[in-house]
Amino acid sequence: KRRFGVWRYRELLPISDNVEPVTMCEGGTPLIKLNRAVDGHVYVKFEGANPTGSFKDRGMTVGVTIAKHIGVKGVVVASTGNTAASAAAYAARAGLACVVVLPRGGVAKGKLAQSLLHGARIVEVDGVFDDALEEVFTEVVINGKKDLYPLNSYNPWRLEGQKTIAFEIVDELSEVPDAIVVPVGNAGNISAIWKGFKELYNYGLISKLPRMIGVQAEGAAPLVATWNRKSETLLEIEKPYTIASAIRIGKPVNWLKALNAVKESNGTFIAVSDNEILNSVKDLAQYEGIGVEPASAASLAGYRKAIDLGILNRDDSVVLIATGHALKDPDTISKIF
Ligand SMILES: Cc1ncc(COP(=O)(O)O)c(/C=C/C(=O)C(=O)O)c1O
């Protein structure tokens, strides 16, 4: 029985015992207390410590396990890079084909290298992630290409794996934080983490729920706009731009789940500038030793803004989700220095 990681919580995943996991011991990631970058009870959940260097491995281990179990030949994803890297690695481990559809010129080098390395077929589209996702949808749903199982995060199996972040935080802190701060792109992760906390609460294992704080880059903040204007429909961003290429997304497919998570948890959405993101990359690395790719540092930038805006205060216990490793995007890192 696995003692660490996603499959430690197998009984809380809707997967019957006869299914053999496709796993690389993902999850069980470090929860690191911040001592100098901020004062307060702030921890970083360092998802860069996963096998392919991002939280995507938690969802992919479950998604690819199911894909293999139902006997598909291969999987397909649209991605800003980390989903592609993770799908390529887990598909390789499962002996499945993998097609990744990427926005041409919009993917950090480390993620492109991983997709190539693990043998994925790379399809590039002009435009941004949303155009890549549209392409996958057209191919698989409209043109009925059934031999490739779509594994983007509208696929609920992915979120089942990602909800284990909540389980590990409660296991390790043995209390529920006041707030969880999550960088938001396609909005699967914030939705999944909230689902995990709600399940623990419904099982009677915890007696309080954290506030979910979603953070987006100012140039790619459809959920911040939708939230601030109390819109019932998603206010899409046609041409999203941010230096944090992982969250350069204008039409988050999980937007409704994320809005509900933030509403139910008495949380909020916050936008931060690219500058604030890059400063947070530097501070996490040079004050705390934690090396993350830009999108991950949006959680620290968002926390700082939440304190400035009085949304959070210093004696709140807070966990920042640092979603991807610094090695993913060396080009952007060298732009900072
Ligand atoms: C480092 C990093 N930080 C945050 C996010 C946002 O998570 P979601 O809000 O669940 O999308 C992503 C997402 C990446 C992709 O969507 C993809 O890889 O296609 C990421 O790679």
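First listed ligand is number 1; within each ligand, the first listed atom is number 1. These numbers were taken from a predicted model, which means no experiment stands behind them.
- For atom 6 (C) of ligand 1, the closest heavy atom belonging to the protein is Gly185 N, 3.4 Å.
- Scanning the protein heavy atoms around atom 20 (C) of ligand 1, the nearest turns out to be Ala246 CB, 3.6 Å.
- Residue, atom and distance of the protein heavy atom nearest to atom 10 (O) of ligand 1 are Asn189 N, 2.8 Å.
- The backbone of Ala187, and not its side chain, has at least one atom closer than 4.0 Å to an atom of ligand 1 (non-hydrogen atoms only; backbone = N, CA, C, O).
- Not one N or O of Val184 is nearer than 3.5 Å to an N or O of ligand 1, by distance alone.
- Exactly one of Asn82, Thr52, Asn50 qualifies for a side chain to side chain donor-acceptor pair (under 3.5 Å) with Asp57. That residue is Thr52.
- Within the 4.0 Å heavy-atom criterion, neither part of Ile190 lies near ligand 1.
- Within the 4.0 Å heavy-atom cutoff, Ser153 does not count among the residues contacting ligand 1.
- A perpendicular orientation is assigned to the rings of Trp227 and Phe269, their planes being inclined by more than 60° (bins at 30° and 60°).
- Backbone and side-chain nitrogen or oxygen atoms of Asn186 are examined, and one is located within less than 3.5 angstrom of a nitrogen or oxygen of ligand 1.
- For atom 3 (N) of ligand 1, the nearest protein heavy atom (residue, atom name, distance) is Thr323 OG1, 2.6 Å.
- Of all protein heavy atoms, the one lying nearest to atom 7 (O) of ligand 1 is Phe55 CZ, 3.4 Å.
- Atom 16 (O) of ligand 1 has as its closest protein heavy atom Lys56 NZ, 3.4 Å.
- At the top of the distance list for atom 21 (O) of ligand 1, counting protein heavy atoms only, stands Asn82 ND2, 2.8 Å.
- Those atoms of ligand 1 that come under 4.0 Å of a heavy atom in Thr83, given as number and element, are 15 (C), 17 (C), 18 (O), 19 (O).
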